[in-house]
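I have placed the structure first, in the form of structure tokens, so that the comments after it can refer back to it.
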Amino acid sequence: MTVASSASRRQAARALERLRGLATALALALAALLAGPAQAGAHGIVAVEDLPIPPWLFVWGASLVLIVSFVGLSVAWQRPRLEGDDWRPLSPPLSRLVLNPFTKGLAGLLGVVLLVVTVWAGLYGTEAPQRNFAVTFVFVTFWLGMAGLSVAFGDVFRAFNPWRAIARAASAGFRLIAGQPAPVPLRYPERLGRWPAVVGLFLFFWLELVYAPPGFEGVQLSPYTVAVAALVYSAYTFCGMALFGIETWLRRGEAFSVLYSMLARLSVLEVRDGRLGRRRFLAGATGWGRDVPGSVAFVLMFIAGTTYDGAAEGVLSAPVNSLAEALMDAGVGPVASLRLVSTAFMLLTVAFVFAIYWGGIRGMDTVEGSPPVRQLGRAFAHSFIPIALAYSVAHYFSLFVFQIQAQFTYLLSDPLGDGSNYFGTAGSGIDYGILGAELIWYVQVGALVVGHVLALAMGHDKALTVYRDVQQATRSQYWMLALMIGFTSLGLFLLSQANA
């Protein structure tokens, strides 16, 4: 009787502990929910007309999905499922079909041609961005399209990377003439990690969002500016590869290679040792940020850039205008005023996103058995990759669908905007009726919810590895749940402002 009574008391204590844990999780979730959706509703999600259900249901429903998902994970996901290596090669004929020297060379040549066409159109084409090949290709087809291809098919940008193709051709020429490989003058500093790529990503966002702030007359991102930026970045990339080695610089310093290889970690496809193989969905991302400095900052910078883009169209528009006018009254030029104020607000947005993440990590650090904060932050950085992707899909989905029509019709046939018609499609237009307001809103909300649910699952899986105890792992994820609901609410709020 004594043994049975003692066992019953232990079971009751564990049950009580679990109930307390779930209550804490729900309290944190409710706090995040009340902090976000109420504000979102107040700022007019109803700006999208004829929504199928009341807008507040979107916000509360999305948060409820996260809470239910968290409870389900804590009960049903009791052991790590994404850790370990389960990569398996696909059939050799398929690998040879995709990875043979001819297809690799053709992909690299296509990348070089597209880079040349972009620079050519920017330098010599019309200054109207909507009629010039360069602007749409860089900020829609390349920036957004390559992200989708990376998630679907793995690191395809490696094959199409024009800078890699040119550098490898130059290296082969050097080897042929000199009879030896080109020397690598400098050893890449390990402590530098991916920080050059972080800076490159920030500058790309700055060029798009600050150099030409949306909604301000007289400040325009011209095709000529895009072409010059492409040339400057190309020279910078070639210098980096010449100093530190082609592959080393692409893995660490080249922003787009780092970005698309990061997104490719979500894919089920991966190339190893010249063979194409498959792995579990999301499993490739588990090691991101663990050993390379700057990896956490890179994924957070991706989120922050998209966040600022949404905020600049809505909640930050009035303060940016007001402060810019104040600088103008003080004698600063109008363009300089806009760029200075926009840069300041973009930096504040970056700091805000970083603070949210590291605040949640410090909350997790209060759980017994947690590793040091920096190590903890690196361990869970990979779980924010789906959030970065979700923000991008939610914010740019309709833009991509509309502008990709232009890219492959009149912009492709008339890249300079001078009346040419190389492929007979210069007279085509954009069908804006292809997407309705309801469908766009469903996709936006769905992307945010799915992205954050995947992030919860990845974080829970990593917690099981870090803490090696289900209860401790679940307790550590109370903070992750609050983070997810906070980011979901922020995303919905920004969408409501952008749609207003």
Side-chain angles (χ1 to χ4, degrees), residues 95-125 133-134 137-138 141-143 145-147 149-150 153-188 192 194 196-197 199-201 203-204 226-264 269-276 407 412 415-416 422:
S95 287
R96 287 194 296 269
L97 177 64
V98 176
L99 302 174
N100 64 78
F102 176 77
T103 57
K104 290 180 179 179
L106 186 62
L109 178 61
L110 179 59
V112 173
V113 169
L114 289 172
L115 176 61
V116 170
V117 171
T118 299
V119 173
W120 171 58
L123 293 179
Y124 300 105
F133 177 92
F137 178 77
V138 170
T141 308
F142 171 66
W143 173 245
M146 189 57 69
L149 290 175
S150 300
F153 302 109
D155 193 9
V156 294
F157 180 63
R158 178 179 171 82
F160 290 94
N161 189 331
W163 304 294
R164 181 175 183 268
I166 294 172
R168 285 174 62 85
S171 178
F174 183 92
R175 181 192 295 268
L176 183 63
I177 295 172
Q180 63 181 12
V184 179
L186 299 176
R187 178 185 177 87
Y188 190 85
L192 202 57
R194 294 189 173 107
V199 174
L201 186 61
L203 291 177
F204 180 83
V226 172
V228 171
L231 289 173
V232 171
Y233 186 77
S234 296
Y236 164 75
T237 301
F238 291 139
C239 288
M241 290 189 289
L243 290 175
F244 301 109
I246 297 173
E247 301 302 330
T248 298
W249 184 253
L250 293 178
R251 286 196 307 269
R252 301 295 180 88
E254 202 277 290
F256 300 109
S257 295
V258 173
L259 172 66
Y260 297 128
S261 66
M262 178 186 76
L263 295 176
L269 298 175
E270 182 188 9
V271 174
R272 292 188 186 179
D273 301 323
R275 297 190 65 182
L276 181 65
Q407 183 73 86
L412 185 64
L416 301 184
Y422 297 123

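Bear in mind that the values here come from a model prediction, so they are computed numbers and not experimental data.
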Subject >> Test log, rule side chain to side chain contact (heavy atoms under 4.5 Å, CB included), inputs Arg158 and Glu247 >> reply: CA-CA 10 Å; Arg158 178 179 171 82; Glu247 301 302 330; 2.8 Å; yes
Original post:
Should Trp249 and Phe238 be marked as a ring pair (Phe, Tyr, Trp, His ring centres under 6.0 Å) after you check the CA-CA gap, both sets of side-chain angles, and the distance that decides it?
Top reply: CA-CA 9 Å; Trp249 184 253; Phe238 291 139; over 10 Å; no
Subject >> side chain to side chain contact (heavy atoms under 4.5 Å, CB included) assessment of Glu254 paired with Asn161 >> reply: CA-CA 11 Å; Glu254 202 277 290; Asn161 189 331; 3.7 Å; yes
**OP:** Would you check, one step at a time, whether the test side chain to side chain contact (heavy atoms under 4.5 Å, CB included) holds for Val226 with Phe133?
**Re:** CA-CA 11 Å; Val226 172; Phe133 177 92; over 6 Å; no
**OP:** Any chance you could lay out the side chain to side chain contact (heavy atoms under 4.5 Å, CB included) test for Trp120 and Leu416, step after step, and finish with the verdict?
**Re:** CA-CA 8 Å; Trp120 171 58; Leu416 301 184; 3.5 Å; yes
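Side-chain contact between Phe204 and Phe256 is present, with heavy atoms from C-beta onward closer than 4.5 Å. Considering only heavy atoms from C-beta on, Tyr188 comes within 4.5 Å of Pro196 through its side chain. For the pair Val258/Arg252, no side-chain contact is recorded, criterion being any heavy-atom separation below 4.5 Å from C-beta on. At a threshold of 4.5 Å between non-hydrogen side-chain atoms, the residues Trp143 and Leu259 count as touching. Looking at Arg187 and Thr248, their side chains never come closer than 4.5 Å, going by heavy atoms from C-beta outward.
Taking each heavy atom of Pro185 and Pro183 in turn, the nearest pair found is CD-O, 3.5 Å. The two atoms that bring Ala227 and Thr118 nearest to each other are CB-O, 4.4 Å, heavy atoms only. Of all non-hydrogen atoms in Ala121 and Ala134, the two that sit nearest each other are CB-N, 4.2 Å. Nearest heavy-atom pair across Ala255 and Gly200 is CB-C, 3.9 Å. Tyr236 and Gly253 make their closest contact through OH-O, 4.4 Å (heavy atoms, listed as atom of the first residue, atom of the second, distance). Taking all atoms of both residues into account, the shortest heavy-atom contact from Thr103 to Leu97 is CG2-O, 3.6 Å.
Rounding to the nearest 0.5 Å gives a distance of 9.5 Å between OH of Tyr233 and CG of Leu203. Here the CG atom belonging to Leu243 is positioned 11.0 Å from the CE atom belonging to Met241, to the nearest 0.5 angstrom. Atom-to-atom distance recorded for Lys104:NZ and Phe102:CZ is 14.0 Å, nearest 0.5 angstrom. For the atom pair CD1 of Ile166 and CG of Leu115, the computed distance is 6.0 Å after rounding to the nearest 0.5 Å. To the nearest 0.5 Å, atom CZ of residue Arg275 and atom CD of residue Glu270 are 13.0 Å apart. Here CZ of Phe157 is found 11.5 Å from CG of Leu149. Values are rounded to the nearest 0.5 Å.
At distances below 3.5 Å, not a single donor-acceptor pair connects side-chain atoms of Ser171 with backbone N or O atoms of Ala167. In this structure, the side chain of Ser257 does not engage the main chain of Arg251 through any donor-acceptor pair within 3.5 Å. Judged by distance alone, the side chain of Ser261 and the main-chain N or O of Asp155 form no donor-acceptor pair under 3.5 Å.
Within 6.0 Å of OH in Tyr124 there are 12 or fewer heavy atoms belonging to other residues, nucleotides or ligands.
Side chain to side chain, Trp163 and Ser234 meet the donor-acceptor criterion of an N or O pair below 3.5 Å.
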